[in-house]
J.: 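Before we start, here is the structure in question, set down as structure tokens.
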Protein chains: 2
Amino acid sequence: MAQARRYAGGVDGNRSLERGIEILRAFRPGVDTLGNGEIAERTGLPRSTVSRLTRTLVNSGMLDEVRTERSYRLAASVISIGHAMRTGSPVLNTIGAMMRAESAKRRLNVGLATADRTMMVYLESIRYSPRAALRNVVAGQQVPMELTSLGRAYLAGIAEPERERLLKLFKRRSTAATKALLADVRRSISAVESDGFCAVSWQPAVLAVATPIVLEGLPVYALNMSLQNVDRSDALASEIGSYLNAFAAKCKEALAGREPE
Amino acid sequence: MAQARRYAGGVDGNRSLERGIEILRAFRPGVDTLGNGEIAERTGLPRSTVSRLTRTLVNSGMLDEVRTERSYRLAASVISIGHAMRTGSPVLNTIGAMMRAESAKRRLNVGLATADRTMMVYLESIRYSPRAALRNVVAGQQVPMELTSLGRAYLAGIAEPERERLLKLFKRRSTAATKALLADVRRSISAVESDGFCAVSWQPAVLAVATPIVLEGLPVYALNMSLQNVDRSDALASEIGSYLNAFAAKCKEALAGREPE
DNA sequence: CCCCTAATTCCACTGAGTGGAAATGCGAAG
DNA sequence: CTTCGCATTTCCACTCAGTGGAATTAGGGG
């Protein structure tokens with residue numbers, strides 16, 4: 001009776017685990033609860049399978065069940081694992097404090113991110129604000145790779161084949177202006193290669209510059225500095241860029257010291 | 001040849017998914033990389049199984065592989081899921097800003113947490129600091145349930161049978177002073193029932209008071225306020241406690257307004 | 001109260017997953 | 001460069017865990 005479509009993962013890869021992770025991923029930022037039906041829709045999995053997997057995720061503490069509305073939400077466990085990821089990260093451990101100091105010194109925002117598929121994910125984002133009405137740190141927030149300085153610096157830092165693979169994905173998803181966009185992305189990558197950084201303003205009146213951090217045995221990271229409420233100008237971009245280059249050099253030095261550990 | 005011990009999960013529950021989650025959990029705060037061997041040791045799973053599951057987790061983006069040292073670390077994906085959890089949380093969305101305002105107004109730390117097994121996990125922790133040398137927000141950080149005001153307030157907020165189940169677990173794990181400790185926990189629970197809050201100083205010179213937040217269709221949360229560099233005094237505790245009660249009432253009002261949504 | 005919708009459980013089937021053994025890879029020592 | 005020793009990965013035959021369509025149950029609205 002079971003007409004399971006043959007699993008493509010082959011000998012490596014565990015189908016149920018993959019599917020369970022897919023279910024967790026179905027909870028995108030902003031969604032609170034999802035019912036099994038919605039999950040089945042979003043993931044394309046059979047409803048009965050979803051029913052069983054969500055139950056397992058509840059038992060494992062990754063989901064909380066909301067009996068009154070027959071639905072689920074991400075449980076606190078996921079942020080404790082996220083916290084473990086951040087405290088484990090040797091890069092964040094080493095340069096987190098430096099980033100804070102630099103933000104205060106230069107009076108601008110400093111961020112550190114790496115890639116999750118086609119998005120950049122902040123590991124840390126320090127917002128400079130003159131008054132202590134500080135923002136909450138947005139660790140975990142995602143921004144699109146192809147539109148941001150962070151993402152383009154990342155692209156400049158990774159190996160050729162992976163870069164081309166990602167560029168193809170952008171082509172597929174952005175509806176309009178693809179050609180101009182891709183050219184712009186490549187221009188940013190060249191800028192990183194020649195100047196060490198690239199500058200982008202994907203949000204109005206925000207100027208951001210970023211540079212890749214490439215270290216053996218670690219994913220490629222991107223470090224950025226940004227400033228709000230300014231007009232984009234090449235002079236300003238290169239000023240911030242020079243700060244960024246200097247700071248990135250200091251970071252790499254610090255990281256080189258503690259890496260072999 | 002395969003002599004798999006019969007899976008206890010029965011018809012509900014997916015063994016592979018459970019095991020995969022166990023592997024993610026093996027990365028506790030502070031650990032950077034783990035090899036398959038270490039993971040097998042920590043989880044008690046067969047080495048070959050671990051090998052296959054870690055590969056799946058890499059393919060699913062939850063782990064990064066460090067080829068040079070044949071090991072794995074948590075990938076950025078886990079913090080984006082964590083971020084989704086935080087931005088989805090209706091409680092945090094509603095009272096996050098209020099917490100920040102309250103922290104500034106009362107000049108003390110304000111935190112919001114819920115339970116992950118026997119630990120309390122901060123969803124938000126706003127540290128008051130007179131100078132803007134603010135700390136990074138420690139969302140995701142865990143503190144032991146039985147030793148903290150947060151945890152005891154949580155215990156006071158949950159249903160009887162679940163509470164007794166947890167108390168038994170504490171008995172099992174704490175080596176010394178169990179009896180005195182449990183009595184102390186029960187005293188805190190009584191305090192919550194009579195005064196609305198409990199006060200605990202589990203860290204030297206830090207006074208913390210907490211109160212539960214119980215809402216239909218949501219996990220039980222605990223809200224706390226704390227102050228550093230003070231001596232524990234009942235007068236101070238009840239002063240902060242009254243602030244906390246007032247603030248919690250305001251929070252519950254705000255939450256009642258937006259819950260039915 | 002009864003229908004309608006959606007989630008859950010049932011069930012027979014089978015291939016996905018298993019774990020011990022063998023092979024492979026990697027680093028260190030000679 | 002070769003050999004040894006350890007750890008990880010691959011192989012493989014076996015079988016039970018997992019599957020998904022159908023039946024059932026549970027809610028919620030009229």
Side-chain angles (χ1 to χ4, degrees), chain A residues 1-24 26-27 31 33-60 63-73 216-217 260-261, chain B residues 1-23 26-27 31 33-60 63-73 216-217 259-261:
Chain A
M1 204 92 351
Q3 240 43 268
R5 179 160 36 269
R6 207 192 201 96
Y7 174 49
V11 65
D12 339 310
N14 180 296
R15 183 168 57 162
S16 315
L17 179 51
E18 251 169 39
R19 289 171 160 191
I21 302 295
E22 269 317 297
I23 289 177
L24 291 180
F27 291 84
V31 313
T33 64
L34 287 177
N36 280 336
E38 289 167 287
I39 295 173
E41 236 171 87
R42 283 164 190 249
T43 58
L45 298 172
R47 303 177 106 84
S48 49
T49 300
V50 170
S51 193
R52 262 175 288 115
L53 294 181
T54 50
R55 171 167 313 142
T56 302
L57 288 169
V58 169
N59 290 337
S60 301
L63 293 180
D64 281 336
E65 192 173 1
V66 188
R67 262 178 237 277
T68 60
E69 55 182 70
R70 280 141 167 261
S71 63
Y72 304 89
R73 60 161 57 89
E216 173 67 23
E261 157 238 10
Chain B
M1 204 88 355
Q3 240 44 265
R5 176 159 42 269
R6 209 193 198 93
Y7 174 51
V11 65
D12 337 308
N14 179 297
R15 183 169 56 163
S16 314
L17 179 51
E18 250 169 39
R19 289 172 159 189
I21 302 295
E22 268 318 297
I23 290 177
F27 291 84
V31 314
T33 64
L34 289 177
N36 280 335
E38 289 166 286
I39 295 173
E41 234 171 88
R42 284 163 189 250
T43 58
L45 298 172
R47 303 177 106 85
S48 49
T49 298
V50 170
S51 191
R52 263 177 286 117
L53 294 181
T54 49
R55 171 169 308 136
T56 302
L57 288 169
V58 169
N59 290 337
S60 301
L63 293 180
D64 282 335
E65 191 173 2
V66 188
R67 262 178 236 279
T68 60
E69 55 182 68
R70 275 139 170 264
S71 63
Y72 303 88
R73 61 161 58 87
E216 173 66 22
E259 239 206 302
E261 157 238 11

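Worth knowing before you read on, the calculation uses all heavy atoms, side chains too, and leaves out hydrogens, waters and symmetry mates. Please read these numbers as outputs of a predicted model, since none were measured by experiment.
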J.: OP1 or OP2 of C:dA16 less than 4.0 angstrom from a side-chain nitrogen or oxygen of B:Ser16, does that happen here?
T.: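 Answer no for this pair, as no side-chain N or O of B:Ser16 is under 4.0 Å from OP1 or OP2.
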
J.: Taking CD1 from B:Ile39 and C1' from D:dA7, how many angstroms apart are they, rounded to a whole number?
T.: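 It is 13 Å, rounded to the nearest whole Å.
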
J.: Between A:Gly37 and B:Thr49, name the one whose nearest nucleotide on DNA chain C is closer to the 5' end.
T.: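 That would be A:Gly37.
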
J.: Nearest whole Å is fine: how far is D:dT10 C1' from B:Arg52 CZ?
T.: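 These atoms are roughly 10 Å apart.
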
J.: Send over the distance from B:Tyr72 OH to D:dA7 C1', rounded to a whole Å.
T.: 12 Å

J.: In terms of side-chain heavy atoms of B:Arg15, which of C:dT8, D:dT19, C:dT18 is nearest?
T.: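 Per side-chain heavy atoms of B:Arg15, the pick is C:dT18.
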
J.: Hey, what do you get for CZ (B:Arg15) to OG1 (B:Thr49), rounding to the nearest 0.5 Å?
T.: 8.0 Å

J.: Once you round it to whole Å, what is the distance between P of C:dA6 and CG of A:Asn36?
T.: 13 Å

J.: Taking CZ from A:Arg19 and C1' from C:dG17, how many angstroms apart are they, rounded to a whole number?
T.: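 Result: 13 Å.
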
J.: Mind calculating the distance between CG (B:Leu17) and C1' (C:dA16) to the nearest angstrom?
T.: 15 Å

J.: Would you mind reporting whether A:Asn14 and B:Arg19 have side-chain heavy atoms less than 4.5 Å apart?
T.: no

J.: Measure the CD-CD distance between A:Glu216 and B:Glu69 for me, rounded to the nearest 0.5 Å.
T.: 9.5 Å

J.: Hey, does the side chain of B:Arg70 come within less than 4.0 Å of C:dT24's phosphate (OP1/OP2), counting only N and O?
T.: no

J.: Between A:Ser51 and C:dT8, does any side-chain N or O lie under 4.0 Å from OP1 or OP2?
T.: yes

J.: In whole Å, what is the span from the CG atom of A:Leu45 to the P atom of C:dA6?
T.: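 Those two atoms, CG and P, are 18 Å apart.
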
J.: Do any side-chain nitrogens or oxygens of B:Asn14 fall under 4.0 Å of OP1 or OP2 in D:dT19?
T.: yes

J.: Evaluate the side-chain contact (heavy atoms from CB on, under 4.5 Å) criterion for residues A:Ile23 and A:Leu45: first the C-alpha distance (whole Å), next the side-chain angles of each, then the deciding distance (0.1 Å), finally the verdict.
T.: CA-CA 9 Å; A:Ile23 289 177; A:Leu45 298 172; 4.3 Å; yes

J.: Ignoring hydrogens and geometry beyond distance, is the side chain of B:Arg47 in donor-acceptor contact with the base of C:dG20 at under 3.5 Å?
T.: no

J.: Would a 4.5 Å heavy-atom cut-off, applied to side chains only, mark A:Leu63 and A:Phe27 as touching?
T.: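 In contact.
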
J.: Is there a side-chain polar atom (N or O) of B:Arg67 under 4.0 Å from OP1 or OP2 of D:dT8?
T.: no

J.: For B:Leu53 and C:dG19, give me the distance from atom CG to atom P, rounded to whole Å.
T.: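 Checked: the CG to P distance equals 9 Å.
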
J.: Contact class for B:Ser48 vs. all strands (heavy atom < 4.0 Å): base, sugar-phosphate, or nothing?
T.: base

